[in-house]
Amino acid sequence: MKIYNSYTDSLEEFQSIHPEKVNMYVCGPTVYNYIHIGNARPVVFFDTVRRYFEYKGYTVQFVSNFTDVDDKIIQKAMEDKIPELELSSFFIRAFMQDVEDLNCITDYKKPKVTDYMAPIIEYIDHLIQTGFAYQVDGDVYFRVSKIKDYGVLANRDVDEMIAGSRIEVNDQKENPLDFTLWKKTEDGIKFDAPFSLGRPGWHTECVVMIDDIFGEEIDIHGGGMGLKFPHHENEIAQAEATHHHHVARYWMHNGLLNFKDTKMSKSLGNVIFVKDVNEKMPLRYYLLSTHYRSPLVFTDDVFSMYVKEWEKLESAYRSVFYKLDLADTLNEDIQITDSAVLAEIQNFEEAMDNDFNTANAITALQSVLKIANVNLRKTNNDDLMNQIIVALELMTNVLGLRIDVSRISQEDRAVYQKWLQARTDKDYDLADQYRKELMEKGIL
RNA sequence: GGACCCUUAGCCAAGUGGUAAGGCACGGGACUGCAACUCCCUCAUCGCCGGUUCAAAUCCGACAGGGUCCUCCA
């Protein structure tokens, strides 16, 4: 399979460091608010990446952090007059609820900055000892000039960045590009370190967590395009300083989500929270409808289109399922042998193998729906119908699209028989009554 | 000031040198007791201009429009 590596800006054949195993880390949220649908994009996408690797037979160790120490958290906590940890734990729970509602796998490791304070301090201290960092009046900065590859990930020329800077230079730094490892603070939660009473910078946590949990370079590091610079660049700089590798073999960055014509961001205030979107599966479907590296535009009209497509998927799947269930011929242990269905599974895998092209994978899914609908009214094709169910399940599992169906109860079966009988009797008033009941349950 | 990205039918979206996948909407049929669902058919020469090539949506250049980033902002 091929993955687009942001570090080299090219499509590369994926080769895991350890056979049959994928170690991946995705930058998680700073927990001071609910997440919006733009924040949900990497969450859903990298969950899908994980699912596909598992489908391919890999064991995936998936890690995603929570940044629970940060200026924004401190500020919000002060506004709300509650302790920082109370605020962050509230939004961690809210995040997990959203993640679960989006049908993401939730049993992954979720380290928090507050759990890693000692190793982070130790790590910063080590950088100072080795000359990669320096202290100025209680603050600690990373010495970027020591890293010769700095700027490779973000594809930036260091000299140009300095020349083009329009931001006021912090004259405490040796070099304007140096970034904060530790910040001496007056307000809010503070931690005791040899440098000062303060809090860590944002860029160190991921490196320390990855080192602690994986103990070596990992296969994949993911996150939003917006994190590429400076966050990921700085992670790499630190890893080069201490571990002499680039954190990950493959860096993956998803495109941002725009709301109408600008990006959706908390600071612009044009956000739609995940928790406020009722149609969670259509949301997931929408987020996967475009290749992950392309920008995605959200408007109500576009979203309603995906709500509709989702309903088509759901209704076709249910129709096939209930057809088999009513005939008592449901059999999900069947082998797929139908050439058309097999071809679509192959298309699906080829799409996913090609840098997780979920847009094309969805096309394969839709083709299976077509096969289902075309054959739904035919008889004596239970075998094919069962193969379709298996194929749909395979695809929707990889994409994380959950369709709720359950076996039809005895009572509903009776209603179904009565409906058929009433139609045979041409008693349409009665038939319509039964039909309404069955439709409300989604059986028809 | 600098770097990078995007522009495919009414809408969403694949496609990276060989004469435009798929979905939604529209229109025309079919099925149905009526309806819903579903099915069949129809629906674009790829922002604009110029260049390279036997051949370009796909490569190069200019222009227009949109977007992101440029030192503690996720």
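In the text below, chain A, chain B and the rest are named by the order of the sequence lines, each starting its count at 1.
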Any chance you could list the contact pattern along nucleotides 5-10 of chain B? Use B for base contacts, S for sugar-phosphate-only contacts and - for none, protein heavy atoms under 4.0 Å, 5' to 3'. ------
[atom1] gap between [N] and [M], integer Å:
N     : M     : atom1 : value
B/C70 : B/C60 : P     : 27 Å
B/A21 : B/A44 : C1'   : 13 Å
B/A20 : B/A9  : P     : 15 Å
B/G28 : B/A14 : C1'   : 28 Å
B/U45 : B/U7  : C1'   : 16 Å
B/A57 : B/A13 : C1'   : 14 Å

Using the salt bridge (charged side-chain N to carboxylate O under 4.0 Å, His left out) criterion, which residues pair with [X]? Sequence neighbours excluded.
X      : result
A/K418 : none
A/E309 : none
A/K190 : none
A/E86  : none

A/R51 bridged to A/D47 by N-O distance under 4.0 Å: yes
G-U wobble or Watson-Crick pairing nucleotide for B/U38 (cut-off 3.5 Å, both distances): B/A30
Against A/H203, only a single residue in A/F229, A/F179, A/W182 fulfils ring pair (Phe, Tyr, Trp, His ring centres under 6.0 Å); can you say which?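 Only one option passes, and that is A/F179.
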Nearest-angstrom distance from the residue atom [atom1] of [X] to [atom2] of [N]:
X      : N     : atom1 : atom2 : answer
A/L227 : B/C70 : CG    : P     : 11 Å
A/E311 : B/A25 : CD    : P     : 11 Å
A/N375 : B/C39 : CG    : C1'   : 11 Å
A/K312 : B/G22 : NZ    : P     : 14 Å
A/Y306 : B/C12 : OH    : C1'   : 4 Å

Suppose we screen for side chain to side chain contact (heavy atoms under 4.5 Å, CB included). Which residues come up paired with A/A364, at least two apart in sequence or across chains?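 For A/A364, the residues satisfying side chain to side chain contact (heavy atoms under 4.5 Å, CB included) (neighbours in sequence not counted) are A/E344, A/N347, A/F348, A/M395.
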With sequence neighbours excluded, what pairs up with A/A248 under the side chain to side chain contact (heavy atoms under 4.5 Å, CB included) test? A/I218, A/H221, A/W251
Need one value for [X]: base, sugar-phosphate or nothing, where a base atom within 4.0 Å counts as base even if backbone is also close, heavy atoms only.
X      : answer
A/G201 : nothing
A/K228 : nothing
A/K183 : nothing
A/H203 : nothing
A/D70  : sugar-phosphate
A/N373 : sugar-phosphate

Residues 308-327 of chain A vs ring pair (Phe, Tyr, Trp, His ring centres under 6.0 Å), sequence neighbours excluded, gives none
Where do N or O atoms of nucleotides 30-33 of chain B meet protein N or O atoms at under 3.5 Å, pair by pair?
{"residue": "B/G33", "atom": "O4'", "partner": "A/Y428", "partner atom": "OH", "Å": "3.4"}
{"residue": "B/G33", "atom": "N1", "partner": "A/D432", "partner atom": "OD1", "Å": "2.9"}
{"residue": "B/G33", "atom": "N2", "partner": "A/D432", "partner atom": "OD2", "Å": "3.1"}

Can you work out whether A/E309 or A/L296 has the more 5'-proximal nearest nucleotide on RNA chain B?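 Nearest-nucleotide comparison on RNA chain B picks A/L296.
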Aromatic ring centroids of A/Y55 and A/Y52 under 6.0 Å? yes
Nucleotide nearest A/S315 (side chain, heavy atoms from C-beta), chosen from B/G23, B/A14, B/C37: B/C37
